[in-house]
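All figures in this text were calculated on a predicted structure; none of them were measured in a lab. Chain letters run A, B, ... following the sequence lines, proteins first and then strands; every chain starts at 1.
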Number of protein chains: 2
Amino acid sequence: MTLDQTPRVTDHPVRLEARPLYQQIRDLLVKRIIDGIWRPGSYLPSEQQLCTELGVSIGTIRKAMEDLVSQGILERQHGRGTQVVAHSSAQSRFRFLRFVHADGRPLDPVAHLLRQSVRNATLEERRQLELDAHEKVLVLLRTRSEAGEPLVYEKVILPAEMFARLDLKTGADISEEIYVFYQKRCGVTIMRTQDQIGLDSADAAIAEALGTKTGEPVLHVRRISFGLDGRRVEYRQSWSARLKYQTELD
Amino acid sequence: MTLDQTPRVTDHPVRLEARPLYQQIRDLLVKRIIDGIWRPGSYLPSEQQLCTELGVSIGTIRKAMEDLVSQGILERQHGRGTQVVAHSSAQSRFRFLRFVHADGRPLDPVAHLLRQSVRNATLEERRQLELDAHEKVLVLLRTRSEAGEPLVYEKVILPAEMFARLDLKTGADISEEIYVFYQKRCGVTIMRTQDQIGLDSADAAIAEALGTKTGEPVLHVRRISFGLDGRRVEYRQSWSARLKYQTELD
DNA sequence: GAGTGGTCTAGACCACCTG
DNA sequence: AGGTGGTCTAGACCACTCT
């Protein structure tokens, strides 16, 4: 973000880098969020303040911000200011929880953590999370239930170092979405996921958790989640005997 | 799009409607596309021309166009012009074909139309397509194969009137995506779909088409597709024994 | 070289929220 | 009333494409 002091007809700042100014500004804003200078939920300086601080025109700032709004990183409120998006339970559910009942009704589940452990990553897990050979993973086994009835069995694999401060309690029912804990406790914001849905047949653990028989067909969802910086931060597998997976394409 | 001739400090055109000018422009552009004034693949007038024609500034035109680009309705090419997006087979496949092989490899299938017929819509079909009681539907039964091996069995329900000019040949292998025919022959552009993925067990027709046994578990995808004007234009069900469904959320 | 979209600036005014 | 984001305008210059 450097000004060129050479006199020019319109006296523009100049792009020393090849990339457009507004993209550089955009990335600078993202960097400040990742670095924790602006935390989730807090307000950015006003457009005017950023203009003078960064020495660019307001249109350029706005264009950078619009990009981030459309990416879901910022949220603007007319008359009030611009906030870094903080994941709320309701919003995460709407955005990332794609299971619905067979008739299309939305789900409102509580999560129950069955077991957690830290161990070396398997080859598969290293590949999915792009981990080095020596890195350890935190493994969460949990169910999601509604009205006491278990509907989803889930195995969540996380890079242990990144999630050292996660500190979930085994055994308790939690209605808060886990992505909220990722953000609040570990500074990890999930921005994007890749989901793959297929058939599977229930093994003993799945059958017991979902109350079906071993070998019964179940829906299997394999998810890789990406953080603000684009790195892979979660590898999750979900199994369900009765729910459907719903999504929109555009 | 009306100019207010009252003298004002900055001599702006004025919004007689409550909605912002750029939104009115955006909707006007969409209307012209729907009305066939600008057809898929053709070029719009340049930004400058639209400015003078519509009596607004270039920034307003640009903002309207940017909206439509992000919706996938327009496509801009630097130095060349702005086009109405025409569905190509490759692009439709990338955008709307979500099946992949079990190992994640993308699919490159040919479609084979088994049977087509026109009949009254069932209650279920009327509900999914929001049709009136008397309306008829065009039913397509087809498979998608790769290397001669059938991988997907598909039942496509279309409002008969809207797709009167579709004119598909039964029995031939077609590698072109059907959405291209929708657009070219029937003027229907698919903009958005809602997909629901669940478990099913193969009935006789599915089992025969896919070469599996009746009662075997299969992946079941139920899709509703929406046109440019937001109306429901296609209700499709797909079954597959071996493929997975892959999608991204952000 | 002429024409197109892409970037960037500058400034006015409007609509909304908060004190 | 003062500050914030939202809309709209006007104009310069840049980068790309075609002929």
Side-chain angles (χ1 to χ4, degrees), chain A residues 1-29 42-70 74-85, chain B residues 1-29 42-70 74-85:
Chain A
M1 215 52 42
T2 333
L3 290 179
D4 184 332
Q5 298 306 337
T6 315
R8 307 171 84 253
V9 181
T10 46
D11 193 26
H12 287 173
V14 136
R15 295 177 289 177
L16 295 180
E17 295 181 47
R19 297 163 57 241
L21 246 185
Y22 74 89
Q23 288 180 17
Q24 297 176 44
I25 303 262
R26 187 192 61 198
D27 294 352
L28 176 67
L29 299 183
S42 69
Y43 283 89
L44 266 61
S46 73
E47 296 176 340
Q48 276 302 341
Q49 286 175 289
L50 285 170
C51 283
T52 57
E53 187 211 334
L54 302 175
V56 299
S57 122
I58 196 165
T60 304
I61 295 283
R62 288 186 64 80
K63 180 139 188 175
M65 283 184 165
E66 272 158 23
D67 267 27
L68 298 179
V69 168
S70 76
L74 296 181
E75 197 167 39
R76 325 186 68 171
Q77 288 154 284
H78 196 168
R80 195 154 358 165
T82 303
Q83 264 179 311
V84 181
V85 167
Chain B
M1 217 51 43
T2 333
L3 290 180
D4 182 332
Q5 297 306 337
T6 314
R8 308 172 84 255
V9 182
T10 45
D11 193 29
H12 288 173
V14 136
R15 295 178 287 176
L16 296 179
E17 294 181 49
R19 295 164 58 241
L21 246 184
Y22 74 90
Q23 288 180 18
Q24 296 176 45
I25 303 262
R26 186 192 59 199
D27 294 352
L28 175 69
L29 300 182
S42 70
Y43 283 89
L44 267 59
S46 73
E47 296 176 342
Q48 276 301 342
Q49 284 175 287
L50 285 170
C51 283
T52 57
E53 187 209 335
L54 302 175
V56 298
S57 119
I58 197 166
T60 304
I61 296 282
R62 288 186 66 80
K63 180 140 187 172
M65 284 184 163
E66 272 159 23
D67 266 27
L68 298 178
V69 168
S70 75
L74 296 182
E75 198 167 38
R76 325 186 69 171
Q77 287 155 285
H78 196 171
R80 197 166 341 181
T82 303
Q83 264 179 313
V84 181
V85 168

Query raised in the report: With respect to the side chain of A:Arg62, which nucleotide from C:dG6, D:dG6, D:dT9 is positioned closest?
Result: D:dG6
Query raised in the report: OP1 or OP2 of D:dC8 less than 4.0 angstrom from a side-chain nitrogen or oxygen of B:Lys63, does that happen here?
Result: no
Query - d(CD, A:Gln23; P, C:dT7) in whole Å - result: 7 Å
Report summary line: Side-chain atoms of A:Pro20 come closest, of C:dC8, D:dC8, D:dG5, to C:dC8
Query raised in the report: B:Ser57 side chain: which of C:dA10, D:dC8, D:dT9 is closest?
Result: D:dT9
Query raised in the report: Atom CG in B:Leu21, atom CG in B:Leu54: separation rounded to 0.5 Å?
Result: 9.5 Å
Query raised in the report: Between atom CD in B:Gln83 and atom C1' in C:dG5, what is the gap in whole Å?
Result: 13 Å
Report summary line: Between CZ of A:Arg19 and P of C:dC8 the distance, given in whole Å, is 11 Å
Can you pull every protein N or O that's under 3.5 Å from an N or O on nucleotides 1-4 of chain C?
{"from": "C:dG3", "atom 1": "N2", "to": "B:Gly79", "atom 2": "O", "distance (Å)": "3.0"}

**Report entry** Separation between CD of B:Glu66 and CZ of B:Arg26, rounded to the nearest 0.5 Å
**Finding:** 12.5 Å
Query raised in the report: Which of these nucleotides, C:dG5, C:dA10, D:dC8, is closest to any side-chain atom of B:Thr60?
Result: D:dC8
Query raised in the report: Roughly how many Å is it from CE in B:Met65 to C1' in C:dT7, rounded to a whole number?
Result: 17 Å
Query raised in the report: Are B:Leu74 and B:Val84 side-chain neighbours, meaning at least one heavy-atom pair lies under 4.5 Å?
Result: yes
Query raised in the report: Considering residues at least two apart in sequence or located in another chain, which fulfil the salt bridge (Lys or Arg N to Asp or Glu O under 4.0 Å) criterion with A:Glu53?
Result: A:Arg32
Report summary line: Value for CG (B:Leu28) from OH (B:Tyr22), rounded to nearest 0.5 Å, stands at 15.5 Å
Query raised in the report: In whole angstroms, how far is the P atom of C:dT7 from the CD1 atom of A:Ile61?
Result: 16 Å
Please set out all donor-acceptor pairs under 3.5 angstrom arising from side-chain atoms of residues 44-52 of chain B, sequence neighbours excluded.
{"from": "B:Ser46", "atom 1": "OG", "to": "B:Gln49", "atom 2": "N", "distance (Å)": "3.3"}
{"from": "B:Ser46", "atom 1": "OG", "to": "B:Gln49", "atom 2": "OE1", "distance (Å)": "3.3"}
{"from": "B:Glu47", "atom 1": "OE1", "to": "B:Arg62", "atom 2": "NH1", "distance (Å)": "3.2"}
{"from": "B:Glu47", "atom 1": "OE2", "to": "B:Arg62", "atom 2": "NH1", "distance (Å)": "2.6"}
{"from": "B:Glu47", "atom 1": "OE2", "to": "B:Arg76", "atom 2": "NH2", "distance (Å)": "2.1"}
{"from": "B:Gln49", "atom 1": "OE1", "to": "B:Ser46", "atom 2": "N", "distance (Å)": "3.1"}
{"from": "B:Thr52", "atom 1": "OG1", "to": "B:Gln49", "atom 2": "O", "distance (Å)": "3.0"}

Report summary line: Taken to the nearest whole Å, CG/A:Leu21 to P/D:dC14 is 14 Å
Query - Separation of atom CD1 in B:Ile25 from atom C1' in D:dT7, rounded to whole Å - result: 13 Å
Report task. Rounded off to whole Å, could you give me the CZ-to-C1' distance for the A:Arg26 and C:dG6 pair? Result -> 15 Å
